[in-house]
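A short write-up of the structure that comes next.
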Amino acid sequence: MLQYHFVTMNFDELFPAETNSPDATVVLGEHIAGALERGDVLALYGDLGAGKTHLVKGIARGFGVDPEEVTSPTFTLIQEYATDPPLYHLDVYRIEHTAELERMGVDEYLHGNGICVVEWPERMEDMLPTHSIRLRLSHVDSVRRRVELVTIGSGE
Ligand code: ADP
Ligand code: MG
C-alpha cells in the first residue's frame, strides 16, 4: 500500500483553496489527508456536484487507497477503508431522521479512533462532535471549485 508523503500542514495553511479541475480537487484531498489525525471528523458541505466525493477520493489516496474505489456511498451510507488510521466515508444524503444513523451505530464511527469524512453533514448536524472540521465546497464555474473552512459562530 502507498503511504502518503505529504508534509503535514494545518488547515489554515490549506484554505481557502480553489481548484480548476476534478484532478486538482483530488490532489487537494491528498493534502488534506496530511493534515488529518486519528479521531478527526471532517464535514463536507456543498451542493450536488460541488466536488465532495472527489475530495474524498484524494483523502483516500493520501491514505493509500485507489481513488477509483471511492464512490459516494449514497445507498450504503458508510464505506469503511482498512487504512491506518481507518477511514470512514459517510454520505447521508438520503437520511431523513438521525435516529436511522443512531440505530446504525454511527456514533461509534464519529467518536472512534478512525477518521470520519461526511458528505451532507447538514443532515446530521446534531450528531456531529464539537471538534468536527467543517469545509464548504462551492461552484465557481463549470470547472472551478472553491473550498473553504467554515468557522462556526462567525456570525454568518
Ligand atoms: P459531490 O460529491 O459534491 O456531489 P462529485 O465529486 O461527485 O461531487 O462530482 C463533482 C462533479 O463536478 C464531477 O462530475 C466532476 O467531474 C465535476 N468537476 C468539474 N470541475 C471540478 C473540480 N474543480 N473539482 C471537482 N469536481 C469537478
Ligand atoms: Mg458525493
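Excluded from the calculations below are hydrogen atoms, water molecules and symmetry mates; all remaining heavy atoms, backbone and side chain alike, are included. One-based numbering, in listed order, for ligands and for the atoms of each.
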For W120 and Y93, take the angle between the two ring planes, folded into 0 to 90°, and tell me which bin it lands in: parallel under 30, tilted 30 to 60, perpendicular over 60. tilted

Hey, does V118 have a side-chain heavy atom less than 4.5 Å from the side chain of L42? no

Whether E125 and R134 form a salt bridge (side-chain N of Lys/Arg under 4.0 Å from carboxylate O of Asp/Glu) is what I want to check. yes

Carefully, step by step, assess I115 and Y109 under the rule side-chain contact (heavy atoms from CB on, under 4.5 Å). CA-CA 8 Å; I115 290 169; Y109 293 99; over 6 Å; no

Determine whether F15 and I32 make a side-chain contact, defined as any pair of heavy atoms from C-beta on separated by less than 4.5 Å. yes

Check whether K57 reaches the backbone of E68 with its side chain - one donor and one acceptor, N or O, closer than 3.5 Å. no

Would you say that L149 contacts I133 through its side chain, given a criterion of any heavy-atom pair below 4.5 Å between the two side chains? yes

Less than 4.0 Å is my threshold; does some heavy atom of G46 fall inside it relative to ligand 1? no

Separation between OG1 (T71) and NE2 (H89), nearest 0.5 Å, reads 8.0 Å

Can you tell me if A24 has a non-hydrogen atom under 4.0 Å from ligand 1? no

Looking only at heavy atoms, what is the nearest atom pair of D141 and R144, with distance? OD1-N, 2.9 Å

How far does CG of D91 sit from OG1 of T53, to the nearest 0.5 angstrom? 6.0 Å

Atom 8 (O) of ligand 1: closest protein heavy atom, distance to 0.1 Å, is G51 N, 3.1 Å

The N/O/S atom of E119 lying closest to the Mg ion (ligand 2) is OE1

Does ligand 1 have an atom under 4.0 Å from some heavy atom of V26? no

Presence of N, O or S from D91 under 2.8 Å of the Mg ion (ligand 2): no

Closest non-hydrogen atom pair, F63 against P85: CE2-CD, 4.0 Å

Would you check if R145 and S138 make a side-chain contact, meaning some heavy-atom pair closer than 4.5 Å? no

Are any of the N/O atoms on L48, whether in the backbone or the side chain, positioned under 3.5 angstrom from an N/O atom of ligand 1? no

Residue, atom name and distance, where the atom is the protein heavy atom closest to atom 16 (O) of ligand 1: P22 CG, 3.4 Å

Relative to atom 17 (C) of ligand 1, which among K57, R144, R145 owns the nearest non-hydrogen atom? R145

Part of D47 with heavy atoms under 4.0 Å of ligand 1, whether side chain, backbone, both or neither: backbone

May I ask you to check if any N/O/S atom from S72 comes under 2.8 Å of the Mg ion (ligand 2)? yes

Can you check whether a protein heavy atom sits less than 4.0 angstrom from atom 14 (O) of ligand 1? no

Which atoms of ligand 1 have any heavy atom of S142 under 4.0 Å away? 19 (C), 20 (N)

Provide, to 0.1 Å, the distance between atom 25 (C) of ligand 1 and the closest protein heavy atom, together with that atom's residue and name. T25 OG1, 3.4 Å

Of all the non-hydrogen atoms in the protein, which one sits nearest to atom 10 (C) of ligand 1, and at what distance? G49 O, 3.4 Å

Quick one: which ligand 1 atoms are inside 4.0 Å of a heavy atom on E119? 2 (O)

Under 4.0 Å from one or more heavy atoms of V143, ligand 1 contributes atoms 20 (N), 21 (C), 22 (C), 23 (N)

What about H54: any of its N or O atoms under 3.5 Å from an N or O on ligand 1? yes

Near T53, which atoms of ligand 1 are under 4.0 Å from a heavy atom of that residue? 1 (P), 2 (O), 6 (O), 7 (O)

heavy-atom search around atom 3 (O) of ligand 1 in the protein gives K52 NZ, 2.7 Å

Ionic contact status for D84 with R38, cut-off 4.0 Å: yes

Only heavy atoms of S21, strictly under 4.0 Å: list the atoms of ligand 1 that pass. 21 (C), 22 (C), 23 (N), 24 (N)

